[in-house]
Amino acid sequence: RVFWAGDYTKDGSYSEYQYVDERIVGIAPKISDELAVSLPLTSLTAYEALFEKIGESNLKSSPSLLIINGAGGVGSIAIQMAKNAGMKVIATASRPETIDWVKELGADIIIDHHQSLVDQLSGFDIHSVDNVLYLASMAPTWQEVAELIAPNGNIVSVTGGQVDINYGQLKQKAVNYKWEWMFSKAKFKYNEISQHEILNLVSKQVEVGQIVPTTKKVLNGLTVENINASHNLIKSGQSIGKIVIMF
């Protein structure tokens with residue numbers, strides 16, 4: 001019994017069967033299907049962003065992490081992985097239910113991404129952060145993140161670049177900026193076996209309770225209506241954790 005995130009170059013995510021390279025497949029944890037399927041894409045993204053892009057040594061020596069959009073699918077896993085690595089996690093959330101969710105997952109500090117990040121963190125006597133994980137549009141908060149990021153800090157983004165982002169602001173601080181896209185390995189055929197290894201690790205961590213699955217809504221039936229409903233919920237910006245379609 002296996003789980004995987006898929007290959008961007010192949011169709012099939014809305015089908016009953018998929019053809020998949022075993023190098024990007026892991027042994028599924030011994031939990032229900034509806035919980036297990038929420039894990040591969042988000043856990044691979046979070047793991048690669050934290051441990052490959054920022055790097056384990058940097059996480060230990062520069063342990064503060066700001067996650068923009070902590071309540072989403074990737075953020076929900078990244079909070080847990082970062083806490084397990086001993087980091088101080090600051091997560092953004094703006095609604096009572098998302099605030100409760102990220103708090104339950106272990107975030108140390110919760111701030112609202114619709115308000116000034118600088119002012120809110122100043123209230124906690126925090127004036128810089130070592131690492132930033134961008135899991136939402138960068139434009140609304142970029143100026144403040146550029147101000148908050150520490151010299152030689154790390155910014156990792158999973159969102160597409162916007163034309164109004166001035167990356168030159170990072171130069172004098174010698175900030176490390178990297179993209180994370182977990183489909184890159186399968187698309188360009190490099191280090192694919194690492195995703196097999198990551199998924200097996202995540203599976204073990206789930207079984208011993210180190211990582212909690214993040215399924216928050218389940219739609220029953222592989223139908224056009226349920227596919228549209230799931231996409232519309234994500235587009236609304238009101239989703240928490242992961243949405244699962246069972247069939």
Side-chain angles (χ1 to χ4, degrees), residues 1-51 67 69-82 84 97-98 101-102 104-106 135 158 180-187 192-247:
R1 183 168 169 268
V2 297
F3 65 162
W4 65 93
D7 182 341
Y8 191 79
T9 66
K10 294 181 173 63
D11 294 331
S13 285
Y14 290 136
S15 61
E16 295 181 15
Y17 296 94
Q18 289 187 11
Y19 176 72
V20 63
D21 189 317
E22 67 175 337
R23 289 172 295 181
I24 59 172
V25 168
I27 301 299
K30 295 179 178 65
I31 55 176
S32 69
D33 289 346
E34 65 186 46
L35 294 179
V37 297
S38 73
L39 291 164
L41 188 147
T42 54
S43 59
L44 285 169
T45 301
Y47 186 96
E48 290 178 359
L50 293 173
F51 298 102
I67 300 177
N69 185 18
V74 177
S76 298
I77 294 293
I79 290 172
Q80 299 181 72
M81 287 186 174
N84 290 341
E97 57 268 36
T98 55
W101 174 242
V102 298
E104 180 183 334
L105 293 173
L135 305 175
V158 304
E180 163 55 24
W181 193 51
M182 57 74 48
F183 292 114
S184 178
K185 291 176 180 176
K187 180 174 183 177
E192 293 163 277
I193 194 66
S194 67
Q195 296 199 332
H196 166 80
E197 295 163 350
I198 294 167
L199 288 174
N200 282 348
L201 173 64
V202 168
S203 183
K204 291 176 182 177
Q205 291 176 329
V206 169
E207 290 183 348
V208 299
Q210 292 179 336
I211 291 178
V212 177
T214 58
T215 298
K216 290 293 284 183
K217 186 173 183 62
V218 178
L219 302 174
N220 289 297
L222 188 62
T223 64
V224 172
E225 290 76 18
N226 279 340
I227 292 171
N228 284 334
S230 63
H231 278 271
N232 288 333
L233 182 56
I234 293 170
K235 289 177 183 178
S236 73
Q238 304 297 303
S239 61
I240 303 174
K242 289 294 287 182
I243 303 164
V244 169
I245 298 175
M246 296 293 292
F247 63 93

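The figures that follow rest on heavy atoms only: side chains count, while hydrogens, waters and symmetry mates do not.
Using a 4.5 Å cut-off on side-chain heavy atoms (C-beta onward), Met246 and Leu219 make no contact. The shortest distance between side-chain heavy atoms of Gln195 and Met182 falls below 4.5 Å. Between Phe3 and Val25, the closest side-chain pair of non-hydrogen atoms is not below 4.5 Å. Between Val20 and Lys10, every side-chain heavy-atom pair lies at or beyond the 4.5 Å cut-off. Using a 4.5 Å heavy-atom cutoff, the side chains of Lys216 and Ile243 are not in contact. Looking at His231 and Ile227, their side chains come closer than 4.5 Å, going by heavy atoms from C-beta outward. With a 4.5 Å cut-off on side-chain heavy atoms, Ile198 and Ser43 do not count as touching.
Atom CD of Gln205 sits about 5.0 Å away from atom CD of Gln210, to the nearest 0.5 Å. In this structure, the separation between OG1 on Thr42 and OH on Tyr47 is 15.0 Å, given to the nearest 0.5 Å.
Counting all heavy atoms, side chain and backbone alike, Arg1 lies closest to Ala36 at NH2-CB, 4.2 Å. In plain terms, the two heavy atoms of Ser203 and Ala28 that are nearest each other are OG-C, 3.3 Å. Shortest non-hydrogen contact noted between Ala186 and Ile24 is CB-CD1, 4.4 Å. The minimum heavy-atom distance linking Gln18 with Ser15 is given by the pair CG-OG, 4.3 Å. In plain terms, the two heavy atoms of Pro213 and Val206 that are nearest each other are CG-CG1, 4.1 Å. What you find for Val212 and Ile77 is that their closest heavy atoms are O-CD1, 4.2 Å.
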>> Run the side-chain contact (heavy atoms from CB on, under 4.5 Å) test on Asp21 and Asp7 for me, step by step, so that the C-alpha distance in whole Å, both residues' side-chain angles and the decisive distance to 0.1 Å come before the verdict.
In response: CA-CA 8 Å; Asp21 189 317; Asp7 182 341; 5.9 Å; no
>> As a quick check of understanding, evaluate side-chain contact (heavy atoms from CB on, under 4.5 Å) for Thr214 and Gln80, giving each step before the final call.
In response: CA-CA 11 Å; Thr214 58; Gln80 299 181 72; 3.9 Å; yes
>> Apply side-chain contact (heavy atoms from CB on, under 4.5 Å) to residues Trp181 and Lys187 and explain how you reach the verdict.
In response: CA-CA 10 Å; Trp181 193 51; Lys187 180 174 183 177; 4.0 Å; yes
>> Checking Lys217 against Val244 for the side-chain contact (heavy atoms from CB on, under 4.5 Å) test, could you report, in this order, the C-alpha distance in whole Å, the side-chain angles of both residues, the deciding distance, and whether it holds?
In response: CA-CA 6 Å; Lys217 186 173 183 62; Val244 169; over 6 Å; no
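A donor-acceptor contact shorter than 3.5 Å links the side chain of Asn226 to the backbone of Gly221. Checking side-chain atoms of Glu207 against main-chain N and O of Ile31 turns up no donor-acceptor pair under 3.5 Å. Remark: the backbone N or O of Ala71 is paired with a side-chain donor or acceptor of Ser76 at under 3.5 angstrom. Of the possible polar contacts, none joining the Asn220 side chain to the Phe247 backbone as a donor-acceptor pair under 3.5 Å is found.
Looking at Leu44, Leu41, Thr9, Thr45 one by one, the single match for side-chain contact (heavy atoms from CB on, under 4.5 Å) with Phe183 turns out to be Leu41. In summary, of the residues considered (Glu197, Glu48, Glu180), a salt bridge (Lys or Arg N to Asp or Glu O under 4.0 Å) with Lys185 occurs for Glu48 alone.
Under the 3.5 Å distance criterion, with hydrogens and angles disregarded, a donor-acceptor pair is assigned to the side chains of Ser38 and Thr215.
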